[in-house]
Amino acid sequence: MHNHWIVDLDFDEDEDRTTCTAKLSGFSAPGALGVGVARRSPDDTPDSTVGEELAAARACSDLAHALIDQAADGIQRRTHESTHLHY
């Protein structure tokens, strides 16, 4: 079996904050979602690239944690035993 998942990153920005949503798409991709936010310090010069990179990294990290939690839930449903997967 071959699966191919794609991570879609969507950004929403204003002057001081960038929010990124990371979502999986593709055949049999689980319905996992991650969100990351980057805030600009009032003393910093606006730089959308830095905000996007930081928000994207945080969203992907959040997505990874969501996938681990879903995997742990799946194991628990099959084994009927408490499961804790390490990050």
Side-chain angles (χ1 to χ4, degrees):
M1 175 200 277
H2 176 77
N3 283 328
H4 182 86
W5 298 350
I6 299 167
V7 178
D8 294 308
L9 301 176
D10 292 313
F11 297 92
D12 184 32
E13 300 179 57
D14 62 28
E15 287 183 19
D16 299 321
R17 183 175 63 178
T18 302
T19 302
C20 179
T21 303
K23 185 170 66 171
L24 290 176
S25 63
F27 180 74
S28 77
L33 178 72
V35 177
V37 177
R39 290 179 186 83
R40 183 177 65 82
S41 170
D43 297 333
D44 291 342
T45 304
D47 185 340
S48 63
T49 302
V50 171
E52 287 176 351
E53 291 169 344
L54 186 54
R58 289 175 174 163
C60 288
S61 176
D62 192 44
L63 175 62
H65 285 85
L67 287 168
I68 291 170
D69 290 344
Q70 284 185 6
D73 290 345
I75 292 168
Q76 285 179 202
R77 281 193 304 276
R78 287 179 185 88
T79 65
H80 305 286
E81 295 181 15
S82 180
T83 303
H84 178 74
L85 300 177
H86 297 280
Y87 296 98

Of all the heavy-atom pairs spanning [X] and [Y], show the shortest one and how long it is.
X: A59; Y: C20; result: CB-O, 3.5 Å
X: E15; Y: R40; result: O-NE, 3.3 Å
X: Q70; Y: P30; result: OE1-CB, 3.3 Å
X: F27; Y: W5; result: O-NE1, 3.5 Å
X: A38; Y: G51; result: CB-O, 3.5 Å

Query raised in the report: Transitively linked via ILVMFWY side-chain contacts under 4.5 Å: L9 with L67?
Result: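 Yes, one cluster joins them.
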Query - Min side-chain heavy-atom separation L85-I75 under 4.5 Å - result: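 SC-SC contact between L85 and I75 confirmed.
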Query raised in the report: Is any side-chain heavy atom of D62 less than 4.5 Å from a side-chain heavy atom of R58?
Result: no
Rounded to the nearest 0.5 Å, what separates atom [atom1] in [X] from atom [atom2] in [Y]?
X: H4; Y: S28; atom1: NE2; atom2: OG; answer: 11.5 Å
X: L24; Y: L63; atom1: CG; atom2: CG; answer: 4.5 Å
X: K23; Y: L33; atom1: NZ; atom2: CG; answer: 7.5 Å

Query raised in the report: When you measure from the side chain of T83 to the backbone N and O of E81, does any donor-acceptor pair fall under 3.5 Å?
Result: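 Indeed, once roles are kept as given, a pair shorter than 3.5 Å links the two residues.
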Requested in this report: Please lay out, stage by stage, how D10 and D12 fare under the test side chain to side chain contact (heavy atoms under 4.5 Å, CB included).
Outcome: CA-CA 7 Å; D10 292 313; D12 184 32; over 6 Å; no
